[in-house]
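Beneath this line is the structure, given in C-alpha coordinates, with notes to follow.
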Number of protein chains: 2
Amino acid sequence: MSPEPKALPEPGGPLGDHLTVTLHLLVDRMDRFADGLLQARYGISFSQFQFIAVIANLPSPPDITFLADCLGVSKAAVSKRVPGFVEAGLVQTSADPANARRVLLSITPKAGQLLAEALPVLGASFSDEFDDLASPDLDALHEDLKAVIRHLDSKEH
Amino acid sequence: MSPEPKALPEPGGPLGDHLTVTLHLLVDRMDRFADGLLQARYGISFSQFQFIAVIANLPSPPDITFLADCLGVSKAAVSKRVPGFVEAGLVQTSADPANARRVLLSITPKAGQLLAEALPVLGASFSDEFDDLASPDLDALHEDLKAVIRHLDSKEH
DNA sequence: TCTTTTTCGTCAACCTGTTGACATTCGACG
DNA sequence: CGTCGAATGTCAACAGGTTGACGAAAAAGA
(Lines give C-alpha, C1' and ligand atoms only; values in the text may rest on other atoms or scores of the structure.)
Protein backbone atom coordinates (compact mmCIF):
# COMPACT_ATOMS: atom_id res chain seq x y z
CA MET A 1 0.00 0.00 0.00
CA SER A 2 2.67 2.49 0.95
CA PRO A 3 6.20 2.26 -0.41
CA GLU A 4 7.33 3.64 2.99
CA PRO A 5 7.14 1.41 6.04
CA LYS A 6 3.59 1.60 7.32
CA ALA A 7 3.04 3.44 10.57
CA LEU A 8 1.75 0.93 13.10
CA PRO A 9 -1.09 2.01 15.38
CA GLU A 10 0.32 2.75 18.80
CA PRO A 11 -0.83 1.92 22.32
CA GLY A 12 -3.25 4.57 23.50
CA GLY A 13 -3.94 5.55 19.89
CA PRO A 14 -7.22 5.60 18.01
CA LEU A 15 -8.02 2.09 19.14
CA GLY A 16 -8.08 2.97 22.82
CA ASP A 17 -5.99 1.89 25.76
CA HIS A 18 -7.39 -1.44 26.84
CA LEU A 19 -5.55 -4.62 27.61
CA THR A 20 -7.15 -6.34 24.64
CA VAL A 21 -5.98 -3.63 22.27
CA THR A 22 -2.46 -3.71 23.65
CA LEU A 23 -2.34 -7.47 23.20
CA HIS A 24 -3.42 -7.14 19.60
CA LEU A 25 -0.76 -4.55 18.92
CA LEU A 26 1.96 -6.67 20.46
CA VAL A 27 0.90 -9.78 18.57
CA ASP A 28 0.82 -7.80 15.34
CA ARG A 29 4.34 -6.58 15.86
CA MET A 30 5.68 -10.04 16.67
CA ASP A 31 3.94 -11.55 13.68
CA ARG A 32 5.26 -8.86 11.41
CA PHE A 33 8.73 -9.46 12.71
CA ALA A 34 8.67 -13.22 12.24
CA ASP A 35 6.96 -12.90 8.90
CA GLY A 36 9.46 -10.41 7.57
CA LEU A 37 12.37 -12.54 8.65
CA LEU A 38 11.04 -15.76 7.16
CA GLN A 39 9.90 -14.06 3.98
CA ALA A 40 13.25 -12.39 3.42
CA ARG A 41 15.46 -15.39 4.13
CA TYR A 42 13.33 -18.35 3.22
CA GLY A 43 10.56 -17.04 1.03
CA ILE A 44 7.70 -18.37 3.13
CA SER A 45 5.20 -16.71 5.42
CA PHE A 46 5.01 -17.34 9.14
CA SER A 47 1.71 -19.09 8.66
CA GLN A 48 3.26 -21.50 6.18
CA PHE A 49 6.19 -22.01 8.50
CA GLN A 50 3.86 -22.84 11.34
CA PHE A 51 1.89 -25.26 9.20
CA ILE A 52 4.90 -27.43 8.44
CA ALA A 53 6.45 -26.94 11.89
CA VAL A 54 3.37 -28.38 13.56
CA ILE A 55 3.30 -31.37 11.22
CA ALA A 56 6.97 -31.95 11.88
CA ASN A 57 6.58 -31.84 15.64
CA LEU A 58 3.78 -34.37 15.79
CA PRO A 59 4.78 -37.94 16.57
CA SER A 60 3.08 -39.34 13.46
CA PRO A 61 1.58 -37.92 10.27
CA PRO A 62 -1.70 -36.20 11.17
CA ASP A 63 -4.83 -36.31 9.08
CA ILE A 64 -6.58 -33.14 7.97
CA THR A 65 -8.93 -33.03 10.94
CA PHE A 66 -6.24 -33.47 13.57
CA LEU A 67 -3.96 -30.89 12.03
CA ALA A 68 -6.89 -28.47 11.91
CA ASP A 69 -7.41 -28.97 15.64
CA CYS A 70 -3.71 -28.44 16.31
CA LEU A 71 -3.72 -25.21 14.34
CA GLY A 72 -7.00 -24.08 15.83
CA VAL A 73 -8.72 -23.67 12.46
CA SER A 74 -11.43 -25.57 10.59
CA LYS A 75 -10.95 -28.73 8.55
CA ALA A 76 -11.94 -26.84 5.42
CA ALA A 77 -9.18 -24.28 5.97
CA VAL A 78 -6.54 -27.02 6.10
CA SER A 79 -8.09 -28.95 3.23
CA LYS A 80 -7.86 -25.91 0.98
CA ARG A 81 -4.26 -25.13 1.82
CA VAL A 82 -2.84 -28.62 1.28
CA PRO A 83 -2.63 -28.50 -2.55
CA GLY A 84 -0.51 -25.37 -2.34
CA PHE A 85 1.96 -26.98 0.03
CA VAL A 86 2.15 -30.08 -2.14
CA GLU A 87 2.85 -27.97 -5.22
CA ALA A 88 5.52 -26.08 -3.31
CA GLY A 89 7.17 -29.38 -2.47
CA LEU A 90 6.82 -28.89 1.28
CA VAL A 91 4.17 -31.45 2.17
CA GLN A 92 3.38 -34.98 1.04
CA THR A 93 0.00 -36.64 1.28
CA SER A 94 -0.45 -40.34 1.79
CA ALA A 95 -3.37 -42.68 2.23
CA ASP A 96 -4.22 -44.40 5.46
CA PRO A 97 -4.41 -48.10 4.58
CA ALA A 98 -6.93 -48.55 7.39
CA ASN A 99 -9.27 -45.76 6.29
CA ALA A 100 -9.87 -44.75 2.71
CA ARG A 101 -11.27 -41.36 3.72
CA ARG A 102 -8.26 -40.14 5.64
CA VAL A 103 -5.51 -38.04 4.11
CA LEU A 104 -2.25 -38.23 6.02
CA LEU A 105 0.16 -35.31 5.89
CA SER A 106 3.93 -35.34 6.25
CA ILE A 107 6.68 -32.92 5.43
CA THR A 108 9.16 -33.43 2.61
CA PRO A 109 12.95 -33.48 3.12
CA LYS A 110 13.00 -30.00 1.62
CA ALA A 111 10.65 -28.77 4.33
CA GLY A 112 12.65 -30.57 6.99
CA GLN A 113 15.79 -28.83 5.80
CA LEU A 114 14.02 -25.48 5.83
CA LEU A 115 12.88 -26.04 9.40
CA ALA A 116 16.31 -27.12 10.54
CA GLU A 117 17.74 -23.93 9.11
CA ALA A 118 15.05 -21.46 10.02
CA LEU A 119 14.17 -22.55 13.55
CA PRO A 120 17.50 -21.55 15.14
CA VAL A 121 17.61 -18.32 13.14
CA LEU A 122 14.14 -17.36 14.25
CA GLY A 123 14.92 -18.18 17.86
CA ALA A 124 18.17 -16.25 17.81
CA SER A 125 16.53 -13.22 16.24
CA PHE A 126 13.85 -13.13 18.89
CA SER A 127 16.49 -13.34 21.57
CA ASP A 128 18.37 -10.45 19.99
CA GLU A 129 15.14 -8.55 19.89
CA PHE A 130 14.57 -8.99 23.59
CA ASP A 131 17.96 -9.37 25.20
CA ASP A 132 18.35 -5.73 26.16
CA LEU A 133 14.88 -5.63 27.61
CA ALA A 134 15.40 -5.88 31.30
CA SER A 135 12.48 -4.09 32.89
CA PRO A 136 9.72 -6.64 32.77
CA ASP A 137 10.92 -10.16 33.31
CA LEU A 138 9.78 -11.94 30.17
CA ASP A 139 9.56 -15.35 31.79
CA ALA A 140 7.37 -13.96 34.53
CA LEU A 141 5.28 -12.18 31.92
CA HIS A 142 4.86 -15.43 30.04
CA GLU A 143 3.76 -17.21 33.19
CA ASP A 144 1.28 -14.46 33.98
CA LEU A 145 -0.25 -14.73 30.54
CA LYS A 146 -0.58 -18.48 30.84
CA ALA A 147 -2.25 -17.98 34.21
CA VAL A 148 -4.78 -15.65 32.62
CA ILE A 149 -5.51 -18.22 29.91
CA ARG A 150 -5.99 -20.96 32.47
CA HIS A 151 -8.31 -18.68 34.38
CA LEU A 152 -10.42 -17.93 31.32
CA ASP A 153 -10.59 -21.58 30.32
CA SER A 154 -11.58 -22.62 33.83
CA LYS A 155 -14.69 -20.43 33.66
CA GLU A 156 -15.91 -22.51 30.70
CA HIS A 157 -17.87 -19.96 28.76
CA MET B 1 -17.42 -27.32 11.87
CA SER B 2 -18.31 -29.15 15.04
CA PRO B 3 -21.73 -28.91 16.64
CA GLU B 4 -19.90 -29.21 19.97
CA PRO B 5 -17.87 -26.25 21.21
CA LYS B 6 -14.48 -26.43 19.57
CA ALA B 7 -11.57 -27.44 21.75
CA LEU B 8 -9.14 -24.53 21.82
CA PRO B 9 -5.43 -25.28 21.52
CA GLU B 10 -3.83 -24.97 24.94
CA PRO B 11 -0.60 -23.41 26.16
CA GLY B 12 2.21 -25.90 25.84
CA GLY B 13 0.20 -27.83 23.27
CA PRO B 14 1.07 -28.76 19.70
CA LEU B 15 2.05 -25.19 18.94
CA GLY B 16 4.85 -25.09 21.49
CA ASP B 17 5.40 -23.08 24.63
CA HIS B 18 6.76 -19.77 23.47
CA LEU B 19 5.69 -16.30 24.49
CA THR B 20 4.45 -15.57 20.99
CA VAL B 21 2.25 -18.64 20.98
CA THR B 22 0.83 -17.83 24.40
CA LEU B 23 0.01 -14.33 23.25
CA HIS B 24 -1.82 -15.68 20.23
CA LEU B 25 -3.84 -18.05 22.38
CA LEU B 26 -4.84 -15.31 24.79
CA VAL B 27 -5.82 -12.92 22.01
CA ASP B 28 -7.88 -15.65 20.36
CA ARG B 29 -9.78 -16.28 23.56
CA MET B 30 -10.47 -12.63 24.17
CA ASP B 31 -11.62 -12.10 20.60
CA ARG B 32 -13.88 -15.10 20.79
CA PHE B 33 -15.37 -13.81 23.99
CA ALA B 34 -16.07 -10.30 22.69
CA ASP B 35 -17.28 -11.65 19.38
CA GLY B 36 -19.70 -14.06 20.99
CA LEU B 37 -21.12 -11.40 23.25
CA LEU B 38 -21.62 -8.83 20.50
CA GLN B 39 -23.01 -11.38 18.09
CA ALA B 40 -25.49 -12.72 20.60
CA ARG B 41 -26.81 -9.41 21.89
CA TYR B 42 -26.34 -7.01 19.00
CA GLY B 43 -25.93 -9.16 15.93
CA ILE B 44 -22.60 -7.71 14.87
CA SER B 45 -19.06 -9.05 14.92
CA PHE B 46 -16.29 -7.55 16.99
CA SER B 47 -14.58 -6.39 13.84
CA GLN B 48 -17.70 -4.49 12.78
CA PHE B 49 -18.05 -3.05 16.26
CA GLN B 50 -14.48 -1.86 16.16
CA PHE B 51 -14.94 -0.29 12.75
CA ILE B 52 -17.75 1.98 13.89
CA ALA B 53 -16.24 2.54 17.34
CA VAL B 54 -13.07 3.96 15.82
CA ILE B 55 -15.03 6.25 13.51
CA ALA B 56 -17.10 7.43 16.45
CA ASN B 57 -14.07 8.17 18.59
CA LEU B 58 -12.33 10.30 16.02
CA PRO B 59 -12.76 14.07 16.35
CA SER B 60 -14.03 14.47 12.77
CA PRO B 61 -15.21 12.12 10.00
CA PRO B 62 -12.16 10.28 8.64
CA ASP B 63 -11.58 9.52 5.00
CA ILE B 64 -10.88 5.98 3.83
CA THR B 65 -7.12 6.31 4.04
CA PHE B 66 -7.07 7.71 7.56
CA LEU B 67 -9.47 5.13 8.89
CA ALA B 68 -7.34 2.42 7.30
CA ASP B 69 -4.31 3.75 9.18
CA CYS B 70 -6.28 3.86 12.43
CA LEU B 71 -7.40 0.26 11.98
CA GLY B 72 -3.96 -0.87 10.85
CA VAL B 73 -5.21 -2.29 7.54
CA SER B 74 -4.93 -1.27 3.90
CA LYS B 75 -7.06 1.33 2.13
CA ALA B 76 -8.47 -1.39 -0.09
CA ALA B 77 -9.67 -3.35 2.93
CA VAL B 78 -11.66 -0.38 4.22
CA SER B 79 -12.91 0.56 0.77
CA LYS B 80 -14.37 -2.90 0.28
CA ARG B 81 -16.14 -2.97 3.63
CA VAL B 82 -17.83 0.43 3.41
CA PRO B 83 -20.77 -0.57 1.14
CA GLY B 84 -21.74 -3.29 3.61
CA PHE B 85 -21.84 -0.86 6.51
CA VAL B 86 -23.87 1.62 4.48
CA GLU B 87 -26.38 -1.08 3.53
CA ALA B 88 -26.60 -2.10 7.17
CA GLY B 89 -27.43 1.49 8.08
CA LEU B 90 -24.43 1.89 10.35
CA VAL B 91 -22.24 4.24 8.35
CA GLN B 92 -22.88 7.26 6.15
CA THR B 93 -20.57 8.53 3.43
CA SER B 94 -20.26 12.18 2.49
CA ALA B 95 -18.17 14.17 0.08
CA ASP B 96 -15.41 16.53 1.12
CA PRO B 97 -16.28 19.86 -0.53
CA ALA B 98 -12.57 20.68 -0.66
CA ASN B 99 -11.51 17.45 -2.35
CA ALA B 100 -13.62 15.55 -4.83
CA ARG B 101 -11.64 12.34 -4.35
CA ARG B 102 -12.14 12.00 -0.64
CA VAL B 103 -14.90 9.92 0.89
CA LEU B 104 -15.73 10.94 4.44
CA LEU B 105 -17.17 8.38 6.84
CA SER B 106 -19.46 8.97 9.78
CA ILE B 107 -21.69 6.75 11.87
CA THR B 108 -25.47 6.85 11.75
CA PRO B 109 -27.68 7.50 14.80
CA LYS B 110 -28.44 3.76 14.77
CA ALA B 111 -24.75 2.97 15.10
CA GLY B 112 -24.37 5.60 17.81
CA GLN B 113 -27.18 4.01 19.75
CA LEU B 114 -25.63 0.58 19.33
CA LEU B 115 -22.31 1.84 20.65
CA ALA B 116 -23.91 3.58 23.60
CA GLU B 117 -25.60 0.33 24.53
CA ALA B 118 -22.86 -2.16 23.78
CA LEU B 119 -19.80 -0.35 25.12
CA PRO B 120 -20.81 -0.51 28.80
CA VAL B 121 -22.02 -4.10 28.42
CA LEU B 122 -18.75 -5.15 26.87
CA GLY B 123 -16.75 -3.40 29.55
CA ALA B 124 -18.80 -4.87 32.36
CA SER B 125 -18.51 -8.37 30.93
CA PHE B 126 -14.77 -8.12 30.72
CA SER B 127 -14.65 -6.94 34.29
CA ASP B 128 -16.79 -9.88 35.36
CA GLU B 129 -14.46 -12.13 33.45
CA PHE B 130 -11.44 -10.86 35.31
CA ASP B 131 -12.65 -9.72 38.70
CA ASP B 132 -11.84 -12.94 40.53
CA LEU B 133 -8.39 -13.06 38.98
CA ALA B 134 -6.11 -11.83 41.69
CA SER B 135 -2.75 -13.46 41.03
CA PRO B 136 -1.27 -11.33 38.30
CA ASP B 137 -2.12 -7.67 38.63
CA LEU B 138 -3.79 -6.91 35.32
CA ASP B 139 -2.85 -3.25 35.33
CA ALA B 140 0.78 -4.13 35.89
CA LEU B 141 0.54 -6.75 33.15
CA HIS B 142 -0.88 -4.15 30.81
CA GLU B 143 1.94 -1.75 31.60
CA ASP B 144 4.52 -4.47 31.02
CA LEU B 145 3.04 -5.26 27.63
CA LYS B 146 3.08 -1.63 26.62
CA ALA B 147 6.70 -1.42 27.73
CA VAL B 148 7.55 -4.35 25.47
CA ILE B 149 5.81 -2.65 22.55
CA ARG B 150 7.66 0.59 23.16
CA HIS B 151 10.88 -1.36 23.29
CA LEU B 152 10.21 -3.10 19.99
CA ASP B 153 9.19 0.14 18.31
CA SER B 154 12.27 1.93 19.60
CA LYS B 155 14.55 -0.53 17.82
CA GLU B 156 13.04 0.57 14.49
CA HIS B 157 13.41 -2.53 12.41
C1' DT C 1 -0.07 28.10 -17.29
C1' DC C 2 1.49 23.64 -18.25
C1' DT C 3 3.70 19.60 -16.54
C1' DT C 4 4.86 16.50 -13.04
C1' DT C 5 4.23 14.29 -8.73
C1' DT C 6 1.36 12.92 -4.94
C1' DT C 7 -2.79 11.62 -2.97
C1' DC C 8 -7.01 9.06 -2.97
C1' DG C 9 -10.21 5.55 -3.91
C1' DT C 10 -11.19 1.49 -6.50
C1' DC C 11 -10.46 -2.72 -8.96
C1' DA C 12 -8.71 -7.42 -9.93
C1' DA C 13 -6.45 -11.36 -8.38
C1' DC C 14 -5.08 -13.78 -4.80
C1' DC C 15 -4.74 -15.89 0.20
C1' DT C 16 -6.90 -17.60 4.24
C1' DG C 17 -10.51 -18.05 7.30
C1' DT C 18 -15.63 -19.25 8.27
C1' DT C 19 -20.20 -22.07 7.96
C1' DG C 20 -23.34 -25.35 6.06
C1' DA C 21 -24.26 -28.99 2.93
C1' DC C 22 -22.69 -33.05 0.87
C1' DA C 23 -20.99 -37.86 -0.42
C1' DT C 24 -18.28 -41.34 1.16
C1' DT C 25 -16.51 -44.45 4.44
C1' DC C 26 -16.17 -46.69 8.85
C1' DG C 27 -18.00 -48.93 12.69
C1' DA C 28 -21.50 -50.50 15.67
C1' DC C 29 -25.52 -53.00 16.24
C1' DG C 30 -30.01 -55.34 15.44
C1' DC D 1 -26.02 -58.98 6.30
C1' DG D 2 -28.25 -54.54 6.28
C1' DT D 3 -28.75 -50.21 8.33
C1' DC D 4 -27.82 -46.17 10.75
C1' DG D 5 -24.85 -42.79 12.99
C1' DA D 6 -20.39 -40.79 13.33
C1' DA D 7 -16.09 -39.51 11.16
C1' DT D 8 -13.74 -37.54 7.17
C1' DG D 9 -12.69 -34.61 3.44
C1' DT D 10 -14.43 -31.47 -0.02
C1' DC D 11 -17.26 -27.96 -1.98
C1' DA D 12 -19.74 -23.45 -2.46
C1' DA D 13 -20.62 -19.01 -0.77
C1' DC D 14 -19.18 -15.70 1.96
C1' DA D 15 -16.06 -12.28 4.90
C1' DG D 16 -12.01 -9.92 5.22
C1' DG D 17 -7.07 -9.37 4.45
C1' DT D 18 -3.06 -8.43 0.93
C1' DT D 19 -0.56 -6.35 -3.25
C1' DG D 20 -0.16 -4.04 -7.57
C1' DA D 21 -2.14 -1.37 -11.17
C1' DC D 22 -5.01 2.11 -12.43
C1' DG D 23 -7.65 6.77 -13.32
C1' DA D 24 -8.90 11.05 -11.46
C1' DA D 25 -8.13 14.95 -8.60
C1' DA D 26 -5.04 17.93 -6.01
C1' DA D 27 -0.70 19.95 -5.20
C1' DA D 28 3.79 21.37 -6.47
C1' DG D 29 7.06 23.26 -9.60
C1' DA D 30 9.21 25.02 -13.85
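All chains are named by letter (A, B, ...) in the order of the sequence lines, taking the proteins before the strands, and each is independently numbered beginning at 1.
Nucleotide D:dA24 holds its C1' atom 13 Å from the NZ atom of B:Lys75, rounded to whole Å. Atom CZ in B:Phe49 sits roughly 20 Å away from atom C1' in D:dA15 (whole-Å rounding). Distance CZ (A:Arg32) to P (D:dG17): 13 Å, rounded to an integer number of Å. To the nearest angstrom, C1' of D:dA15 lies 12 Å from CD of B:Gln39. If you measure from atom CG of B:Asp31 to atom C1' of D:dG16, you get 14 Å, rounded to the nearest angstrom. Nucleotide D:dA6 holds its P atom 19 Å from the CZ atom of A:Arg102, rounded to whole Å. The distance from atom CZ of B:Phe51 to atom C1' of D:dG17 is 13 Å, rounded to the nearest whole Å. Rounded to whole Å, atom P of C:dT7 lies 16 Å from atom CZ of B:Phe66.
Residues meeting the side chain to side chain contact (heavy atoms under 4.5 Å, CB included) test with A:Gln39, sequence neighbours left out: A:Asp35, A:Ser45. Residues passing the salt bridge (charged side-chain N to carboxylate O under 4.0 Å, His left out) test with B:Glu143 are B:Lys146, sequence neighbours excluded. Residues passing the side chain to side chain donor-acceptor pair (under 3.5 Å) test with B:Asp31 are A:His24, sequence neighbours excluded. B:Arg81 pairs by the side chain to side chain donor-acceptor pair (under 3.5 Å) definition with B:Ser47, not counting sequence neighbours. Residues that satisfy the side chain to side chain contact (heavy atoms under 4.5 Å, CB included) test with A:Ala56, not counting sequence neighbours, are A:Ile107, A:Leu115. Every side chain to side chain contact (heavy atoms under 4.5 Å, CB included) that B:Val86 has, sequence neighbours left out, goes to B:Val82, B:Thr93.
In this structure, the nucleotide among D:dT10, D:dG9, D:dG20 sitting nearest to the side chain of B:Ala76 is D:dG20.
In summary, of the residues considered (B:Thr20, B:Leu26, B:Leu23), a side chain to side chain contact (heavy atoms under 4.5 Å, CB included) with A:Val27 occurs for B:Leu23 alone.
Contact annotation: the side chain of A:Asp63 never approaches that of A:Asp96 to less than 4.5 Å [non-hydrogen atoms, C-beta and beyond].
The stretch residues 79-119 of chain A participates, sequence neighbours left out, in these ring-ring contact (aromatic ring centres under 6.0 Å, His included) pairs: A:Phe51-A:Phe85.
Listed pair B:Thr65 / C:dT7 fails the phosphate criterion, with no side-chain N or O lying under 4.0 Å from OP1 or OP2. Contact between the side-chain N/O atoms of B:Ser79 and the OP1/OP2 oxygens of C:dT10 is found at a separation under 4.0 Å.
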Listed pairs, N/O of protein and of nucleotides 23-28 of chain C, under 3.5 Å:
residue	atom	partner	partner atom	Å
C:dT24	O2	A:Arg101	NE	3.0
C:dC26	OP1	A:Ala100	N	3.0

Contacts under 3.5 Å, N or O only, protein and nucleotides 14-17 of chain C:
residue	atom	partner	partner atom	Å
C:dG17	OP2	A:Arg81	NH1	3.3
C:dG17	N7	A:Lys80	NZ	3.2
C:dG17	O6	A:Lys80	NZ	2.6

